Structure formats: C-alpha cells, structure tokens
Amino acid sequence: MEVIQKGYAIIINLISNVTSRISEGARYNIMFVSCFLITGICVFNSCYDFFGISVSKSTLTNLSCLLMLVILLMSIDRKVAPVQVNTAFWTAWIICFGMIFLTSFMHPVNHHYFMWSVVCLFGCPAFYLIWQNRQDYDYIFEIVSICAVIMSYVFFFANLFCIPFINDSLNVRFVGIASNPNGVGLICVGFFAAALYMSLTGKGGRIFFMISAGISVGLTILSQSRTAELAIAMELLVGVIYYLKNYTDINWKKAVTRVVMTLVVLSVTTAAVYSGITAMGKLDLNTYAATEVQQGIDTAGDRFNNYNKDLNTFSSGRIEIWKMYAKEFTFFGKEKPGKGIDSKVPQTRWAHNNYIDISYSSGIFAGLGYLIWLLISLGFVIKGVFGRRGKDLSFMFVVMAISGYFVEAMLEILMFPATTHLAFILFISLMPVAAGNVKNARNIR
C-alpha cells in the first residue's frame, strides 16, 4: 500500500500547487455546494418517479462521480506523504472492488456496481490519504452533516406539500414522494445520523439539528420500514454512548444536559410530525391519498408483530430470496436477469442483502472481501463504544454511519455512495478506519 500511496502523493502534491492558492473559504464553499448537490441527487434518486421525470440512473451516477471528484480536489490544501494504514482493511477492500471491477468486463453488471468499484479502487485511496494527512476529519464530517440536515427539511416539506396529490398503491404504509416506503426510511437513516451528530457536537444551532433528527424519526415510523427503524435505533444507541463516554471527561454536566435536551426535542418533534401527517391525511383534498396515509398510520407497529409468522414471512420473504441467490453463487459471478433470478417473484430483482447481491454478481471472493472490510469497520464501532475513553469526538459520526449502514445493508441493497445517501456518508466516514492509527496517522517517512 505504501507504493500505491507514493504514486498518489506525487499526483496530489502536483495538484496542491494549484489548490493551495485557492482560499480556504472558497474551497469550503465549493465542497459544501458539491456535497449538497450529491445529497440532493441521492434523495432525487428515490423520488423522481413521483414527479414523472425520466432520468437515467447512469446519468445520476456519473454526475455524482464528477461532484465527488470536485470534493476530492478541493480537499487538497497541503502536500501529503504516505501514512500508516490498516493492512487487513485495505486487503479486503482491494479484493472486493478489484473483483467487482474485473467481473464487470466478463459479463454485464449493474452500472452502479462498475462505478462503485472505480470510485472505491481509484478514488477512495487518494481521498483517504488526503484526509489522513489533514487529520481534521470533523471539517468534512460537518459539511456532510449540515448538507444532510438542510436536505431533511427540504424532503419533509416536499412530502407535506405533496401528500394531497399522492396516488399511492401500497395502501398501508406512508410512501410520500419516494418510490416506496423503504425508500423513505433509507433516506431518513442517513439524515438522522447527521442530525444527531450536529445536535451533540455542533457549535451552534442545536435546536435546528435536533428538530431535523425528530423529523427523520417521525417519517421513518410512518413509513413502517422496520430495517430503517432498527438502523436509527442503533445509531442513537451507539452515538449517545460514544458521546457520553468521551465528553463527560470534559464536562459531564454539559454532556448529560445536551443528551437529555436532544432526546426531549427529538421526541416532541417526532410526535408533531406523526400528528401533522395524520392531520394532512384527514384532509379531503384527495380522498384516495387521505385514505392511504391514514391506513398507514393506523397500522404503524403491526409489522413488528411476529405472532403466527415464520421467519421467512416476518422478513417479508427475504429468507427465501437469500436461499435462491445463494444457490447461484460462482467464483466470478453471473449476469442477473432483468426481472431477477425468479421472474415470477418481482422482489428477487435484488437480493435485499449487499453481501449476497455482490457474491451473486461478482463472485464469492468479492462478497467475502466486502464482508471482511465491513466487519473490520464494525470492529471500529465496538472499540469506539466499549473501548477506552479520550477518543476524538468527531468519530461519533463514524460509529453512527457504520452502524446504520451495517443494519440496512443486511436487509437492503446499498451500493453506490453517490446515489444512496447512507452509503455516501459511510464511505466518507471510513477514512479513520482505513488508517493504521486512528488517533494519529503518522507519516511513514
């Protein structure tokens, strides 16, 4: 990895001769606008069907890649040198995305998969090297979080405005302007992590961030996305524990006060969102839409009831889907039919599990590599939550992003970071995980 880093360092240091002349304020603004646009694309990726807009997934992916490149370039504020790295993480990473990249030339794979491998193989090593030299991770985490919080308000009010015009065929779950209820929950999981991070670590405007967290929880409950609800619960748990453990040494009264205040505002906002959507659902502006919203609210919580349900039924058929995919695993993967591996079962278009879907499309080695680097990342969370105190507070963002992603990726498909917001914040957050020493990424030379 050191050889690769030296190659990147030569290129980055040449670019720094130009970017270092750009003022910090200008670079910040460019990164902020680029990040905000990516966040908007991630939300739009789940909502454009509602507005009747036909946009190619490939177009959105390529546009987001360009914006990610802009963020990378504007991150360069100094010359860099190779740093100590997490060898096991990078070995698994290269195997995973190397196999995805290779198999994309052997048989057709989803465009997201190919671009995912390109970004992760060639972009992430450079991006991580830049920030591992900078070490001010909180700088980029704050940009990503503020963009997410602003977009959470945009998403919420767009849903409120459009409720009377929704003609939803899913009949019992709130879908809003998204393509499906799980899409609402998936969007909100990333928003919640960003909002909670800023609520507890931000320097100002905490009420603004706390309300955003409550909005995300409220919409998730209404969507009845069990995976998203579990992911948000996990983010809240690890986030609060990490914060209290590492901030109480500084000022335990302030730490406890902030947590309590955040939970109170979050709860009140959640209740307000819940009742607000209920009220909108009762409006007689569109009888069908009103019925759909009210039915979704009235059945909230029923999806967690496993009485007289076997595991496959409780998982909405995921167990059988996973078995169908696992039977088709090969060393180099295979092309997935347009309607899924079972054309009679529409849900089989996706495996509803990242590891299984990658293993099917790009082979068992790609899936194994993915699973290893994800488990190494989860180990970072465990050490952060249960390990010694005195760690960087900005890593609260890291443990929440990884936790939320881990839950969602076990039951949904989170592929490309530039079209799925939770994946986007995950790949931003992995910078300290990829470093050999997360406390102080020292130069090798």
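Note that the numbering runs from 1 along the sequence shown for the chain. Only a predicted model underlies this, so the values are computations on that prediction, with no experimental measurement involved. Excluded from the calculations below are hydrogen atoms, water molecules and symmetry mates; all remaining heavy atoms, backbone and side chain alike, are included.
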More than 12 non-hydrogen atoms from neighbouring residues, nucleotides or ligands closer than 6.0 Å to CZ on F365, yes or no?
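No, the 6.0 Å shell around CZ holds no more than 12 heavy atoms from other groups.
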
Would you find more than 12 non-hydrogen atoms of other residues, nucleotides or ligands less than 6.0 Å from Y28 atom OH?
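Yes, enclosed.
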
Please state whether the rings of [X] and [Y] are parallel, tilted or perpendicular, taking 30° and 60° as the class boundaries.
X    : Y    : result
Y370 : W373 : perpendicular
Y197 : F141 : perpendicular
F105 : F101 : perpendicular

Looking at [X] versus [Y], is the centre-to-centre ring distance below 6.0 Å?
X    : Y    : value
W131 : Y128 : no
F397 : Y137 : no
F395 : Y242 : no

Side chains of N353 and Y360, donor plus acceptor under 3.5 Å
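No, no side-chain donor-acceptor pair sits under 3.5 Å.
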
I'd like to know if the side chain of S152 pairs up with that of S216 as donor and acceptor (distance under 3.5 Å, no hydrogens or angles considered).
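No donor-acceptor contact under 3.5 Å links the two side chains.
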
Minimum heavy-atom distance G404-A231, with the two atoms named
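Where G404 meets A231 most closely, the heavy atoms are O-CB, 3.8 Å.
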
Shortest non-hydrogen contact from F155 to C47?
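The answer is CE1-SG, 3.9 Å.
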
In a check of side-chain contact (heavy atoms from CB on, under 4.5 Å) between T269 and each of I207, I215, V264, which one passes?
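Result: among I207, I215, V264, I215 is the only option passing the side-chain contact (heavy atoms from CB on, under 4.5 Å) with T269.
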
Check whether any side-chain N or O of S223 sits under 3.5 Å from a backbone N or O of S225 as a donor-acceptor pair, and report yes or no.
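The answer is yes, because a donor-acceptor pair under 3.5 Å joins these two groups.
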
Look only at the side chain of S145 and the backbone of E142, and say whether a donor-acceptor pair between them is shorter than 3.5 Å.
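Such a contact is absent between S145 side chain and E142 backbone.
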
Holding to side-chain hydrogen bond (donor to acceptor under 3.5 Å, both in side chains), I want the full list of residues that pass it with R27, two or more places apart in sequence or in another chain.
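With neighbours one apart ignored, the set is empty.
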
Axial cation check for Y243 ring with R258, 6.0 Å and 45° limits:
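Judged by the rule, R258 and Y243 form no cation-pi pair.
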
Quick one: side-chain contact (heavy atoms from CB on, under 4.5 Å) partners of I71, sequence neighbours excluded?
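Expected list: M31, S34, C35, I38, S75, F127, I140.
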
Does a side-chain heavy-atom distance below 4.5 Å link M410 with L374?
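Yes, close enough: below the 4.5 Å cut-off.
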
From CD1 (I382) to OG (S403), nearest 0.5 Å
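Spacing of CD1 (I382) from OG (S403) equals 9.0 Å.
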
For V43 and V154, what are the C-alpha separation, side-chain angles and deciding distance, and is it a side-chain contact (heavy atoms from CB on, under 4.5 Å)?
CA-CA 10 Å; V43 173; V154 174; over 6 Å; no

